[in-house]
Amino acid sequence: MVEKYIFGSPFETEAVTACMEAVGFAGKVICGEISLEDGFCYSYQMDDADVIYGLGEANRGINKRGYKYVSNCTDDPNHTEDKISLYGAHNFLIISGKRQVGLFFDYPANMCFDIGYTRQDMLTVRCERADLYLYVITGESAYDVAKQFRKIIGKSYIAPKYAFGFGQSRWGYKTAEDIETVVKRYRDNQIPIDMVYLDIDYMQDYKDFTVNAERFPDFPQFVQKMKAEKIHLIPIIDAGVKIEDGYDIYEEGVEKGYFCKREDDSDFVAAVWPGWTHFPDMLNPDARAWFGGKYERLTSLGIDGFWNDMNEPSIFYSEEGIKALNQAIADYVKDTESDGDVMDNANTVPGEVRWLMEQLQNNPEDYRRFYHNINGKKVRHDYVHNLYGFNMTRAAGEALQKIAPDRKMLLFSRSSYIGMHRYGGIWTGDNQSWWSHILLNLKMMPSLNMCGFLYTGADLGGFGSNTTRDLVLRWLALGVFTPLMRNHTAIGTREQECYQFEHIEDFRHVVGVRYRLIPYLYSAYIKAAENDDLYFRPLGFDYPDDRRAVETEDQLMLGNEAMIAPVYTQNVSGRTVYLPEEMKFVKFMPDGSIYEETLSQGTHYVEIKLNEVPLFIRKGKCIPVVDAAENVDAIDLSTVRYLGYDGAAYEIVE
Ligand code: MIG
């Protein structure tokens, strides 16, 4: 059962697609207390045994208890354990204990979820203005509640099958030659691959929808050449539009009034990669259609996939921020009669100047300095901050449906709000080449699925920091199962393409296992999307009465047939797994054979070498496997056989 409560005058986020009558709040909701004395505050006294699921792309565990999280889409590339805000805002929780209750707080501004942080047994959800919809969902189990929630937010975006191939990316590939080298080395080494990503350097001066003509002398022909090699090129699109005379997108946007404006109606100016930029008003339906239409410049050249970046939106600094900093420096120079070179020795930078410098990036002040024009109404950005990335991706998604109604395109975003799952997937942003981030990747996946985001994945091998061979291999062995399987890394870090390391055959094998499993994984994904179901689930969704299963957070259920338990620690030759019931332990061995062993319910230590990929098949189930292939098109379904329990059947769907 789903109930919808209205508080004040909520902003229509369009997260929910189901038509429902909202009930006015009459002092009581099914579970918990609500106070409207100081903004909005929901509170609930948690039982010791209550598990709190949800929050989509958030830090820490699958059970969110024991910390606080703030929905405030933020470009923060350092995902340490203390961080409370990442790129997305997914305000959906499930309280699972004596009762099974889902709560969706449909509110697009800053919102705090204190889940046993201030007081260990208290869950409180607060926001500044009591203008929101609250959906309260009751069900038989946490799993049931999640599925009911998925029903009201509309069907998830479905990625094309090629997007289940392997992708290579690196911030730093600049020229057609760089890309060709990557493709050649993958093909020469017979490591399967379907996609190479174009990061910001393909553009002319970081201008959206342009291609640098020196680096790509004949881009249309290059796209075709790559196509012939069975490679899809996936360009990045950034939120900010460069201010530059003669750049038609900038000029059109100014003329049509499609950029976000300051209070005095001048176009807001922020610095991002291109230098000074304007932000397209993604919340204005006309501006959205206009910006989305520009993707055709690239699709008309044969491009069929995109990743949307910097759409929190990320701000390096604003004109106002720089002015304040310059003023502080000038004042300092005047006061001290120094020679004006405050930067020559960091120790001489006065506290106030240093503070202003540190505050330049993603400053909350800046998010209060610009406005959206939403159907004629002026809305200050901070009131709707968490909807920007959603609507950028919606702009693209709606346009792509028009441009090529019969063709599935790949689309995913960095920033998101619930509702965006209908238009694209997400990648989890700038992680690091840390072992702990393999586990963070794993734990985020089911929470994202609860919020509708099925096409998801992390930067395999790690984005920031220098990676190592063993880390890439172990991470790939998790990535084999995530819908987005992409190796991506930052400029300046150690090269981490699969061919950069010794014993390339191990990489060929691990990536090859992905291709052996694509018929299964893509089917499981389509089934989840079509049935408002989850592709990845916490063990507690399937075994709610088994406390040990509920508390297991380093394994996931996949589809209806499988469980994964990747290795995420260094220098080990295996790991401990917990089996809530008998399962078949399967290992894809480097010689192409498949090891199978039936394991009983309980705890087992299983050996898993760096070049082996483990998987568990549930009792009574089976999954299809095929021969490895060099790209998705080359997968030969006639090589199919079934792994798992005899007598079981599996239906492959596409
Ligand atoms: O400020 O385009 O998360 O994947 O490589 C960094 C360069 C901008 C952030 C993305 C990352 C991408 C990088 N971008």
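Both ligands and their constituent atoms are indexed starting at 1 by order of listing. Residues: numbered from 1 along the sequence shown.
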Straight-line distance of Y535 OH to Y522 OH, nearest 0.5 Å
11.5 Å
With rounding to the nearest 0.5 angstrom, report the CD to OG distance, E81 to S436.
8.0 Å
Is the gap between the ring centers of W276 and Y317 under 6.0 Å?
yes
Give every donor-acceptor pair under 3.5 Å between a side-chain atom in residues 470-479 and any protein atom, sequence neighbours left out.
{"from": "D470", "atom 1": "OD1", "to": "T468", "atom 2": "OG1", "distance (Å)": "2.6"}
{"from": "D470", "atom 1": "OD2", "to": "Q570", "atom 2": "NE2", "distance (Å)": "3.2"}
{"from": "R474", "atom 1": "NH1", "to": "I608", "atom 2": "O", "distance (Å)": "3.2"}
{"from": "R474", "atom 1": "NH1", "to": "K609", "atom 2": "O", "distance (Å)": "3.1"}
{"from": "R474", "atom 1": "NH2", "to": "V572", "atom 2": "O", "distance (Å)": "3.0"}
{"from": "R474", "atom 1": "NH2", "to": "I608", "atom 2": "O", "distance (Å)": "3.0"}
{"from": "W475", "atom 1": "NE1", "to": "N441", "atom 2": "OD1", "distance (Å)": "2.9"}

side-chain contact (heavy atoms from CB on, under 4.5 Å) between Q496 and N466: does it pass, once the steps are laid out?
CA-CA 9 Å; Q496 70 182 36; N466 291 328; over 6 Å; no
With the side chain counted from C-beta on, respond yes when D304 and L410 share a heavy-atom pair under 4.5 Å apart, and no when they do not.
no
Could you list each N/O atom of ligand 1 together with any protein N/O atom closer than 3.5 Å, one pair per line with the distance?
{"from": "ligand 1", "atom 1": "1 (O)", "to": "W273", "atom 2": "NE1", "distance (Å)": "2.9"}
{"from": "ligand 1", "atom 1": "2 (O)", "to": "D199", "atom 2": "OD1", "distance (Å)": "2.5"}
{"from": "ligand 1", "atom 1": "3 (O)", "to": "R414", "atom 2": "NH1", "distance (Å)": "3.0"}
{"from": "ligand 1", "atom 1": "3 (O)", "to": "D430", "atom 2": "OD1", "distance (Å)": "2.5"}
{"from": "ligand 1", "atom 1": "4 (O)", "to": "H488", "atom 2": "NE2", "distance (Å)": "2.9"}
{"from": "ligand 1", "atom 1": "5 (O)", "to": "D199", "atom 2": "OD2", "distance (Å)": "2.5"}
{"from": "ligand 1", "atom 1": "5 (O)", "to": "H488", "atom 2": "NE2", "distance (Å)": "3.0"}
{"from": "ligand 1", "atom 1": "14 (N)", "to": "D309", "atom 2": "OD2", "distance (Å)": "2.8"}

